[in-house]
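In what follows, a single structure is set out as structure tokens and then discussed.
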Amino acid sequence: MRESYSRVPRTSSQGCDVDLSAFLVAWRTTSLPDREVVDALVHPAHAGPSPALAAVLAHWLGSYYWSDEPDGRHLILTRPLARRRERWGLHVALFLATLLTTTFAGAVVAGTIPFDDPLSLFTGSYPLPPHLVSAWAAGLSFSLPLLAILLCHELGHYLAARRYDIDVSPPYFIPVPLFPTFIGTMGAFIRLRSVLNDRRQLFDIGVWGPIAGFVVALPVLLLGVAVSHAAPGHGPATGLLLPMGTQTWILGDSPITLVARHVFHDGAKAVIVGPLAFAGWVGMFVTMLNLLPMGQLDGGHILYARLPQWHQRVALAFWLVVIALGSLWFGWYIWGGLVLILSRGRLGHPPVLDTLRPLPRSRVLAWWLAVALFAATFAPAPLTLLG
């Protein structure tokens with residue numbers, strides 16, 4: 001594919017917005033449903049700082065970036081085509097429904113709404129508490145920071161994709177009642193509706209979601225743990241304890257929650273957390289799950305972009321680790337099964353258009369940052385029911 005360069009200048013009928021032929025040695029054009037991509041080998045005279053080329057590129061109706069390759073410097077130019085109309089009403093409705101369900105979950109955590117039997121939501125036997133509105137509103141201290149974390153995570157993906165003029169959907173939020181999860185949501189996702197050009201695009205789209213979500217989740221977690229209460233006499237239980245109805249859940253420690261607990265509570269073995277700290281913990285948990293280097297999770301995108309030849313073997317190894325961890329938390333079995341279903345029984349990654357274009361050296365720091373975030377947020381036993 002990389003040998004299919006053309007030395008014939010493009011004509012205006014081919015949709016060229018500006019004439020770059022004087023600055024190029026050769027180029028190839030790929031037409032996709034949502035955009036047109038030009039991979040151009042730049043003439044050595046203009047491969048460095050070139051005011052003339054910069055002046056012409058200022059009129060390019062799209063995005064572009066440079067790529068240093070064995071045969072010289074390349075310009076990858078994208079010209080977006082007509083965009084589809086988004087169903088904004090659906091996205092807003094899903095977001096508001098998720099706000100409703102997560103606020104209900106937060107009210108249960110805050111203790112203003114009693115909730116012991118998840119099936120009562122479906123049988124109609126749930127007893128509505130008095131002053132329902134004020135009781136429900138108490139859950140906003142959980143739902144608002146949680147949705148901010150999820151929204152920033154998805155916007156990291158979305159804005160990175162838009163930076164490359166890729167057809168991508170706005171975030172879809174998934175509201176659920178307090179069963180099968182007890183946080184009121186299954187998270188959010190975006191849809192990439194077009195194939196990606198190269199591993200650089202895949203890496204950027206994959207990595208900026210977890211980074212953006214973590215940036216919001218960290219202060220939420222730290223503030224939440226700071227206002228929580230140590231419980232030095234809470235039996236043999238250690239870690240972050242979450243009372244919910246008549247039950248108490250142990251939130252498994254990751255390195256970052258362990259440090260926060262020791263910093264703010266002088267090494268107390270048990271800390272009883274409220275809705276705000278729980279929202280921060282969920283944000284860390286979501287970051288960790290997404291950074292697992294398997295299939296088409298964010299971690300899978302990042303691994304394939306950085307080390308495509310290792311992706312299949314590393315993904316299989318981590319999937320086996322996830323299944324082994326099921327002995328500590330049953331949810332690992334569910335997550336491993338979902339990853340396998342979503343990848344259609346294979347843990348590999350679909351290729352990008354140009355698999356040979358190297359990943360820029362500037363992405364090495366972001367790669368190690370993603371590895372550090374995964375290590376800092378990893379919790380082997382995320383949830384345990386006390387007693």
Side-chain angles (χ1 to χ4, degrees), residues 1-5 28 30 32 34-35 37-41 63-76 78 156-157 160-161 163-168 189-211 287-322 335-336 338-375 378:
M1 180 175 177
R2 295 182 64 80
E3 297 176 355
S4 59
Y5 285 94
R28 69 162 185 255
T30 304
L32 299 169
D34 62 320
R35 67 196 189 280
V37 181
V38 180
D39 178 3
L41 176 60
S63 62
Y64 65 90
Y65 54 92
W66 291 87
S67 176
D68 292 316
E69 305 190 20
D71 59 344
R73 295 201 78 191
H74 287 239
L75 260 178
I76 294 83
T78 301
H157 295 313
R163 155 70 178 84
Y164 293 113
D165 291 312
I166 294 169
D167 186 13
V168 59
F189 67 95
I190 61 168
R191 285 185 59 205
L192 289 172
R193 298 180 291 217
S194 181
V195 65
L196 303 184
N197 292 1
D198 50 38
R199 293 186 286 126
R200 169 179 173 152
Q201 293 186 355
L202 180 66
F203 183 89
D204 287 356
I205 294 171
V207 80
W208 281 112
I211 290 176
T287 300
M288 180 268 291
L289 286 182
N290 278 282
L291 282 174
L292 283 167
M294 301 187 300
Q296 296 193 57
L297 299 175
D298 295 341
H301 296 325
I302 296 168
L303 175 63
Y304 181 84
R306 181 73 171 90
L307 301 167
Q309 69 276 16
W310 283 92
H311 181 276
Q312 187 77 29
R313 283 168 284 185
V314 173
L316 177 58
F318 266 88
W319 188 83
L320 293 175
V321 169
V322 164
W335 191 247
L338 285 175
V339 170
L340 206 59
I341 292 172
L342 293 176
S343 61
R344 300 179 182 179
R346 298 176 297 175
L347 296 172
H349 195 285
V352 293
L353 279 178
D354 190 340
T355 58
L356 299 179
R357 178 170 298 129
L359 194 66
R361 293 183 179 179
S362 59
R363 299 314 190 266
V364 173
L365 178 60
W367 156 260
W368 287 114
L369 178 59
V371 172
L373 289 186
F374 177 67
F378 184 76

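Just so you know, residue 1 is the first one in the sequence shown, and it goes up from there.
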side-chain contact (heavy atoms from CB on, under 4.5 Å) evaluation trace for Q296 with L192:
CA-CA 12 Å; Q296 296 193 57; L192 289 172; over 6 Å; no
Q201 vs I166, test: side-chain contact (heavy atoms from CB on, under 4.5 Å). Steps then yes/no.
CA-CA 9 Å; Q201 293 186 355; I166 294 169; 3.3 Å; yes
Assess the residue pair I302 and F374 against the criterion (side-chain contact (heavy atoms from CB on, under 4.5 Å)); give the C-alpha distance rounded to whole Å, side-chain angles, the decisive distance to 0.1 Å, and a yes or no.
CA-CA 12 Å; I302 296 168; F374 177 67; over 6 Å; no
Are D204 and R363 close enough, and set up right, to give a side-chain contact (heavy atoms from CB on, under 4.5 Å), and what steps lead you there?
CA-CA 8 Å; D204 287 356; R363 299 314 190 266; 2.7 Å; yes
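Taking the six-membered ring where tryptophan is involved, the planes of Y304 and H349 are essentially parallel, since the angle between them stays under 30° and well short of 60°.
Taking all atoms of both residues into account, the shortest heavy-atom contact from L297 to N290 is CB-O, 3.6 Å. Between S194 and D34 the shortest heavy-atom distance is OG-OD1, 2.8 Å. What you find for D39 and H74 is that their closest heavy atoms are OD1-ND1, 2.9 Å. Taking every heavy atom of both residues into account, W319 and G336 meet most closely at NE1-O, 3.0 Å. Of all the heavy atoms in F378 and M288, the pair that sits closest is CA-CG, 3.5 Å. When all heavy atoms of D298 and G206 are compared, the pair lying nearest together is CB-O, 3.7 Å.
A distance of 7.5 Å separates OG1 of T287 from CG of L373, quoted to the nearest 0.5 Å. In this structure, the separation between CG on D165 and CZ on R35 is 8.5 Å, given to the nearest 0.5 Å. In this structure, CG in D354 is found 8.5 Å from OG in S67, a value given to the nearest 0.5 Å. Expressed to the nearest 0.5 Å, how far CG of L320 lies from CG of L316 amounts to 4.5 Å. In this structure, CG on L359 lies 6.0 Å from CZ on F203, to the nearest 0.5 angstrom. Put simply, CZ on R306 and CG on L202 are 13.5 Å apart, with the number rounded to the nearest 0.5 Å.
Not counting sequence neighbours, T355 has no partner by the side-chain hydrogen bond (donor to acceptor under 3.5 Å, both in side chains) test.
Between L32 and L353, some side-chain heavy-atom pair lies under the 4.5 Å cut-off. At a threshold of 4.5 Å between non-hydrogen side-chain atoms, the residues L75 and W66 count as touching. A heavy-atom distance below 4.5 Å is not found between the side chains of V339 and F318. Side-chain contact between L340 and L347 is present, with at least one heavy-atom pair separated by less than 4.5 Å. No side-chain heavy atom of L307 sits less than 4.5 Å from a side-chain heavy atom of V314.
Annotation for W310: atom CH2 does not count as buried by contact number, only 12 or fewer foreign heavy atoms lying within 6.0 Å.
Sequence neighbours left out, the pairs with a member in residues 190-200 that pass salt bridge (Lys or Arg N to Asp or Glu O under 4.0 Å) are E86-R193, D167-R193, D198-R357.
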